[in-house]
Amino acid sequence: MTAPGSEEHLPATGSVEVVPPRAAARLVEEIAEDAENPVVPTERLLIALDVDGTVLLEDETLSPGVVEAITHAHRAGHEVMLATGRSWEGTRGIQHVLELAPEYAVCSNGAVIMKRAPGDLGEESVYERFHVETFDPTAVLTLLREHLPDAKYLVELAGGERLYTEYMDDWNLVRARRVSFDELSAQPVCRVVVVSPDETDDDFVDLVSRIGLSGVSYAVGWSAWLDIAPQGVDKSTALEKVRTWLGIEPERVLVMGDGRNDVEMFRWAREHGGRAVAMGQGPDEVRREASETTASVHSGGVADVLRAL
């Protein structure tokens with residue numbers, strides 16, 4: 001779509017006009033500006049991005065071109081947000097680096113929805129814990145401890161504090177406290193994380209299928225990482241709430257991810273006519289659930305999709 005008055009730069013419909021390279025470059029720039037012009041009407045999308053393996057590489061550097069692509073999507077009038085398994089403490093810094101300040105952020109695999117404080121768009125916006133789901137972790141922790149006695153455990157409380165049994169380099173432990181295993185289940189939690197370095201992700205998948213985990217939702221991540229949430233809670237349930245609050249139509253949804261905890265989000269988007277985009281390096285079973293696949297996180301897959309909007 002072009003802005004009023006820009007038609008004079010284009011040849012008549014059905015005709016071809018050959019112009020010098022410099023003029024051609026300028027024409028391309030004008031079309032791009034029209035696509036990002038807030039004055040030009042555009043149909044708003046809700047764009048939800050996973051973090052690890054989608055916008056971040058394994059060493060926590062950014063996927064190529066992702067910041068510029070997010071800026072482009074914002075200029076085009078879309079709402080870009082994060083939907084991650086990370087806690088808010090592990091998400092807020094990523095938002096800042098991405099130059100992102102959405103109205104909502106989905107954290108802890110859907111158990112926590114953060115909301116930006118009204119009117120706050122400072123250097124680092126202030127957010128409140130707007131919606132939190134919790135459950136009693138006693139039964140699931142007891143069951144897992146029987147089968148994984150040497151694993152490392154962490155829980156996230158409703159207020160955001162986290163309790164853990166043993167230190168791990170991969171964990172962001174801001175607002176976290178080391179406790180005994182028994183203290184983990186002393187109060188309701190919104191998330192349980194189990195890491196067993198001696199296991200593989202396939203080992204975890206097999207274990208969960210053997211022992212059964214009733215009354216909770218769970219996802220197995222890379223590097224033998226098991227993430228447990230309240231029953232019926234995942235990224236899709238949180239995003240449906242956000243979509244409703246923002247007043248965006250179900251078919252105007254675009255989600256991107258690479259892991260098993262993104263599968264429900266993919267299914268939700270597809271079932272309602274939206275787009276579900278898997279990263280190229282994701283497991284086969286994850287890519288099969290998506291409606292399309294982009295390049296890997298190392299090759300800038302997110303940027304490829306966002307720049308094409």
Side-chain angles (χ1 to χ4, degrees), residues 44-55 73 78-88 90-91 94-95 100 102-115 129-135 156 189-193 205 208 213-222 225-279 282-294 301-302 305-306:
R44 186 185 187 200
L45 286 172
L46 172 60
I47 302 171
L49 305 175
D50 172 49
V51 171
D52 297 286
T54 302
V55 299
H78 305 303
E79 177 73 7
V80 185
M81 62 176 290
L82 299 180
T84 176
R86 291 185 178 221
S87 67
W88 172 240
T91 302
I94 307 303
Q95 280 199 173
L100 192 58
E103 188 165 349
Y104 298 97
V106 169
C107 302
S108 305
N109 280 326
V112 176
I113 303 176
M114 304 297 297
K115 183 177 182 181
R129 296 174 77 82
F130 187 68
H131 182 89
V132 178
E133 305 266 7
T134 62
F135 69 105
E156 180 180 344
V189 305
C190 55
R191 180 188 184 210
V192 173
V193 178
V205 171
V208 170
L213 289 178
S214 59
V216 295
S217 299
Y218 64 87
V220 176
W222 62 276
W225 180 293
L226 178 62
D227 220 310
I228 302 166
Q231 186 172 26
V233 173
D234 54 55
K235 292 183 182 182
S236 73
T237 59
L239 286 171
E240 175 61 18
K241 290 181 173 64
V242 170
R243 183 199 66 76
T244 302
W245 295 334
L246 292 174
I248 295 176
E249 294 300 317
E251 66 274 13
R252 301 298 301 166
V253 165
L254 166 60
V255 300
M256 299 184 67
D258 76 307
R260 294 182 181 90
N261 63 337
D262 297 313
V263 167
E264 290 82 6
M265 178 173 75
F266 286 175
R267 291 173 179 167
W268 166 75
R270 293 180 61 189
E271 289 170 2
H272 294 88
R275 293 175 64 187
V277 182
M279 305 301 294
D284 290 343
E285 64 266 33
V286 173
R287 288 187 281 113
R288 282 195 295 267
E289 297 288 350
S291 54
E292 57 194 276
T293 299
T294 186
V302 169
V305 173
L306 297 187

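Predicted model, so just to flag it, every value in this text is computed and none were measured. Basis for what follows: all heavy atoms, side chains included, without hydrogens, waters or symmetry-related copies.
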Short side-chain donor-acceptor distance under 3.5 Å, Glu156 and Ser108
yes
List the atom of Gly232, the atom of Ser217, and the distance in Å for their closest heavy-atom pair.
N-OG, 2.9 Å
Could Glu240 and Arg243 be called an ion pair, given the rule that one side-chain N must be under 4.0 Å from one carboxylate O?
yes
So, taking the atom named NZ in Lys115 and the one named NE2 in His131, what distance separates them when rounded to the nearest 0.5 Å?
13.0 Å
Do Arg86 side-chain atoms and Asp52 backbone N/O form a donor-acceptor pair below 3.5 Å?
no
For Asp50, side chain to side chain donor-acceptor pair (under 3.5 Å) partners two or more places apart
Thr54, Lys235
Quick check: do Trp245 and Lys241 have side-chain heavy atoms less than 4.5 Å from each other?
yes
With sequence neighbours excluded, residues passing side chain to side chain contact (heavy atoms under 4.5 Å, CB included) with Glu251
Glu249
Could you tell me which non-hydrogen atom of Val253 sits nearest to which non-hydrogen atom of Ala269, and how far apart they are?
CG1-CB, 4.2 Å
The reported gap from CZ in Arg129 to SG in Cys107 (rounded to nearest 0.5 angstrom) is 8.0 Å
Please report the interatomic distance CG(Asp262) to CZ(Arg267), rounded to the nearest 0.5 Å.
12.0 Å
Scanning both residues in full, the closest heavy-atom pair of Ala111 with Cys190 reads CB-O, 3.2 Å
Pairing residues for Thr294 by the side chain to side chain contact (heavy atoms under 4.5 Å, CB included) criterion, not counting sequence neighbours:
Met256, Val277, Met279, Asp304, Val305
Arg287 versus Gly282, closest heavy-atom pair with distance
NE-O, 2.8 Å
Are Val80 and Leu49 side-chain neighbours, meaning at least one heavy-atom pair lies under 4.5 Å?
yes
What distance separates Asn109 CG from Asp227 CG, expressed to the nearest 0.5 Å?
4.5 Å
Count the heavy atoms belonging to other residues, nucleotides or ligands that lie under 6.0 Å from OH of Tyr218, then report whether that count exceeds 12.
no
Tyr104: which of Val242, Leu46, Leu239 passes side chain to side chain contact (heavy atoms under 4.5 Å, CB included)
Val242
I'd like to know if the side chain of Arg270 reaches the main chain of Glu289, judged simply by a donor and an acceptor atom lying under 3.5 Å from each other, with no hydrogens or angles considered.
yes
Exam field: side chain Asp234 to backbone Thr237, donor-acceptor pair closer than 3.5 Å
yes
Considering non-hydrogen atoms only, spot the tightest contact between Gln95 and Trp88 and give its length.
NE2-CH2, 3.8 Å
Atom CZ of Arg275 and atom CZ of Arg252: how far apart are they, to the nearest 0.5 Å?
10.0 Å
Determine the minimum heavy-atom distance between Ile47 and Ala73, stating which atoms define it.
CD1-CB, 4.2 Å
Indicate yes or no for a side-chain donor-acceptor contact from Arg260 to the backbone of Ala219 under 3.5 Å, with no hydrogens or angles considered.
no
Short question: side chain of Glu285, backbone of Val263 - any donor-acceptor pair under 3.5 Å?
no
Straight-line distance of Arg191 CZ to Phe135 CZ, nearest 0.5 Å
10.5 Å
